[in-house]
Amino acid sequence: YNLAELEEGMKDYAMTPATVGGAEARRYEGISLEKGGDMKVIEYHVMRGKQSVRLIYNKIGSTAADEQIFETLVQSFAWTK
């Protein structure tokens, strides 16, 4: 992925710096009105060397418990190489 291009599409979302698996990341959060409803969006953009990764959560009717499961997954992310 070209993260610079992806970030252009995230400009309407709140961005906070984050860490994923020890790598610097950007965490985006907001609500998307596309696809028929209020969809919660949480997205992490990570660049590690030449590798880029997106971790994405999208859910209509999202709950705090749903979001916590995703955040736990993100915090447990580890690079294997």
Side-chain angles (χ1 to χ4, degrees):
Y1 297 105
N2 179 331
L3 293 182
E5 288 179 13
L6 293 174
E7 288 171 359
E8 185 65 28
M10 302 301 291
K11 61 185 173 189
D12 293 332
Y13 296 88
M15 190 282 288
T16 55
T19 302
V20 175
E24 290 184 14
R26 292 183 177 182
R27 180 185 183 278
Y28 295 90
E29 181 175 1
I31 301 293
S32 173
L33 300 177
E34 296 178 22
K35 300 183 182 179
D38 292 342
M39 181 168 55
K40 180 67 177 249
V41 175
I42 302 172
E43 187 166 323
Y44 286 82
H45 294 180
V46 187
M47 192 72 181
R48 185 172 174 262
K50 294 182 180 180
Q51 186 177 24
S52 62
V53 175
R54 291 169 69 197
L55 302 172
I56 304 169
Y57 171 88
N58 295 321
K59 186 171 183 186
I60 294 172
S62 180
T63 67
D66 295 330
E67 295 166 24
Q68 187 55 51
I69 292 168
F70 176 72
E71 295 294 353
T72 299
L73 173 89
V74 169
Q75 295 310 310
S76 70
F77 188 88
W79 303 95
T80 59
K81 292 184 182 183

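Basis for what follows: all heavy atoms, side chains included, without hydrogens, waters or symmetry-related copies. A quick note: this is a predicted structure, and the numbers were derived from the prediction, not measured.
Judged as a side-chain contact (heavy atoms from CB on, under 4.5 Å), and not counting sequence neighbours, Ile69 has no contacts.
Under the 6.0 Å cut-off for aromatic ring centres, Tyr28 and Tyr13 do not qualify, their centroids lying 6.0 Å or more apart.
Between Thr19 and Glu24, the closest side-chain pair of non-hydrogen atoms is not below 4.5 Å. In this structure, Glu43 and Arg26 have side chains that are not in contact, with every pair of non-hydrogen atoms separated by 4.5 Å or more. At least one side-chain heavy atom of Arg27 sits under 4.5 Å from a side-chain heavy atom of Glu71. Side chains of Gln51 and Trp79 form a contact here, defined as non-hydrogen atoms less than 4.5 Å apart. The shortest distance between side-chain heavy atoms of Ile60 and Asp38 does not fall below 4.5 Å.
With rounding to the nearest 0.5 Å, the separation of CG in Leu6 from CZ in Arg54 is 4.5 Å. Rounding to the nearest 0.5 Å gives a distance of 12.0 Å between CD1 of Ile56 and CD1 of Ile42.
No single ILVMFWY cluster, assembled from side-chain heavy atoms under 4.5 Å apart, contains both Phe70 and Val41. In the hydrophobic clustering of this structure, Met15 does not group with Leu55; members are Ile, Leu, Val, Met, Phe, Trp, Tyr whose side-chain heavy atoms approach within less than 4.5 Å, directly or through other members.
Across every non-hydrogen atom of Gly61 and Asp66, the tightest pair is O-OD2, 4.1 Å. In terms of heavy atoms, Tyr44 sits closest to Val20 at CD2-CG2, 3.7 Å. The two residues Met47 and Ser52 make their nearest non-hydrogen contact at SD-CB, 3.5 Å. Pairing each heavy atom of Met39 with each of Lys59, the nearest pair is CG-N, 3.5 Å.
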Take Ile31 and Lys40 through the side-chain contact (heavy atoms from CB on, under 4.5 Å) test and state the conclusion after the steps.
CA-CA 5 Å; Ile31 301 293; Lys40 180 67 177 249; 3.8 Å; yes
